[in-house]
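For reference, the structure discussed in these notes is given below.
First listed ligand is number 1; within each ligand, the first listed atom is number 1. All of these numbers come straight from a predicted model, not from anything done at the bench.
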Amino acid sequence: MKLCRFGEGRLGVVEGTTVRDVTPALDILPSHRYPLPTCDLLVAQLGPLCERVRTLAGRAPALPLAGLRLLSPVANPGKIIGAPLNYQKHLEEVRGDPQLHHDNQIAAIHRGGLFLKATSALVGAGEGVVLARPDRRNDHEVELAVVIGRRVRGVPRDEALGCVAGYCIGLDMTVRGPEERCLRKSPDTYAVLGPWLVTADELPDPGNLELSLAVNGDVRQRSSTRHMVLGVPELIEFASAFCTLHPGDVIMTGTPEGVGPIEPGDTLLASVEGIGTMEVAVRAA
Ligand code: MN
């Protein structure tokens with residue numbers, strides 16, 4: 001199932017070029033008072049929610065997908081984990097280009113580990129990217145994004161895919177410069193998630209998906225998730241060895257080679273096989 005969020009917080013199920021508005025399915029989610037749980041309520045109830053969506057979809061209003069303003073399919077992730085330098089050719093391009101590494105330490109992922117992006121950076125495809133530091137180079141990074149479905153800690157890699165709720169396309173936007181990675185990747189709008197959540201049953205093997213990104217029609221990045229240094233199971237094992245993963249937590253799994261600068265007015269077209277394609281506009285602040 002492909003679940004999207006659009007407009008002012010509506011819920012849709014994607015059927016080709018049509019979206020069925022199944023917002024009333026959200027009524028099954030529990031209402032909470034402060035303090036709120038540290039997970040995404042929709043992802044935590046994904047099984048029952050999908051059941052309700054199936055019941056409603058047939059009689060739900062059908063809208064053309066093209067006209068919708070898509071929001072992040074996960075509204076409230078507790079954390080967004082990033083996988084730096086998780087494609088060998090991207091590691092080599094960063095090591096070889098001072099404009100990319102800025103004399104920061106460039107360690108392979110086995111040694112350098114993971115990083116966190118602020119959840120306040122999260123937007124959907126329809127909201128676009130607002131350049132935070134126009135005085136700097138700002139780069140695109142297309143990635144497979146994994147959405148965790150269960151509360152887990154210390155998951156071995158051979159059980160890891162059982163913890164996944166689904167997948168999205170992720171854009172791990174980056175300001176270049178000397179600062180810590182987590183700061184440069186956390187401006188508002190620098191975590192794009194979309195265009196929808198594809199439930200894990202539709203993508204049994206996340207380790208063999210083509211992914212690409214074009215800027216104004218020019219293809220800049222094109223690779224396959226089979227070239228990831230640490231695959232999805234290994235990334236979940238690595239992350240959950242350090243911290244508990246909660247429903248709705250997002251892991252951006254790293255970008256392949258071909259990262260490059262973006263400018264206001266650019267249109268990014270990002271695709272991941274089995275998920276779809278999303279168009280994201282870049283604008284000045
Ligand atoms: Mn990245």
Side-chain angles (χ1 to χ4, degrees), residues 72 74 77 79-97 99-102 104-123 125 129 131-133 136-148 167-194 206-207 209 211-215 220-232 234-236 238-239 249-262 268 270-272 275 278 280 282:
S72 167
V74 183
K79 53 187 168 295
I80 303 171
I81 298 172
L85 307 169
N86 197 27
Y87 287 73
Q88 185 62 31
K89 284 185 183 168
H90 175 54
L91 173 63
E92 289 161 12
E93 80 179 342
V94 171
R95 280 186 168 148
D97 186 346
Q99 285 196 359
L100 296 184
H101 64 61
H102 282 266
N104 290 325
Q105 188 197 357
I106 302 302
I109 188 166
H110 302 88
R111 180 178 164 78
L114 308 173
F115 66 94
L116 291 167
K117 280 171 86 77
T119 54
S120 52
L122 188 66
V123 290
V129 171
L131 289 190
R133 291 294 306 263
R136 298 274 192 91
R137 177 171 156 174
N138 295 264
D139 277 26
H140 55 75
E141 298 191 354
V142 65
E143 318 203 348
L144 172 68
V146 178
V147 179
I148 298 296
Y167 301 91
C168 310
I169 306 172
L171 295 183
D172 175 20
M173 307 305 297
T174 304
V175 179
R176 295 294 172 194
E179 298 88 356
E180 294 283 351
R181 191 183 265 127
C182 61
L183 184 68
R184 293 183 290 100
K185 289 171 172 282
S186 285
D188 297 354
T189 75
Y190 275 45
V192 186
L193 200 65
L209 304 173
L211 74 171
S212 66
L213 182 133
V215 180
R220 297 251 192 102
Q221 296 187 273
R222 186 186 290 283
S223 186
S224 164
T225 58
R226 68 177 176 274
H227 299 305
M228 292 198 297
V229 176
L230 297 181
V232 172
E234 290 79 12
L235 289 170
I236 292 172
F238 199 134
D249 283 1
V250 175
I251 303 178
M252 292 205 179
T253 59
T255 200
E257 69 278 11
V259 299
I262 54 163
L268 313 181
S271 299
V272 175
I275 299 176
M278 65 178 185
V280 179
V282 179

Q. Is the number of heavy atoms from other residues, nucleotides or ligands within 6.0 Å of CD (Glu180) greater than 12?
A. no
**Q.** Shortest non-hydrogen contact from Ala121 toward Ser186
**A.** CB-O, 3.7 Å
Q | Minimum side-chain heavy-atom gap Gln99-Arg137 below 4.5 Å | A | yes
Q: Flag the pair Met252 / Ile80 as yes when at least one side-chain heavy-atom distance between them is below 4.5 Å, and no otherwise.
A: yes
(Q) Suppose the cut-off is 2.8 Å; which protein N/O/S atoms would you list for the Mn ion (ligand 1)? (A) Glu141 OE1, Glu143 OE2, Asp172 OD2
(Q) Working note: Leu100 + Asp139, criterion side-chain contact (heavy atoms from CB on, under 4.5 Å); need CA distance, chi angles, decisive distance, verdict. (A) CA-CA 9 Å; Leu100 296 184; Asp139 277 26; 3.7 Å; yes
Q. Excluding sequence neighbours, so at least two apart, what forms side chain to side chain contact (heavy atoms under 4.5 Å, CB included) with Val123?
A. Glu127, Thr189, Val192
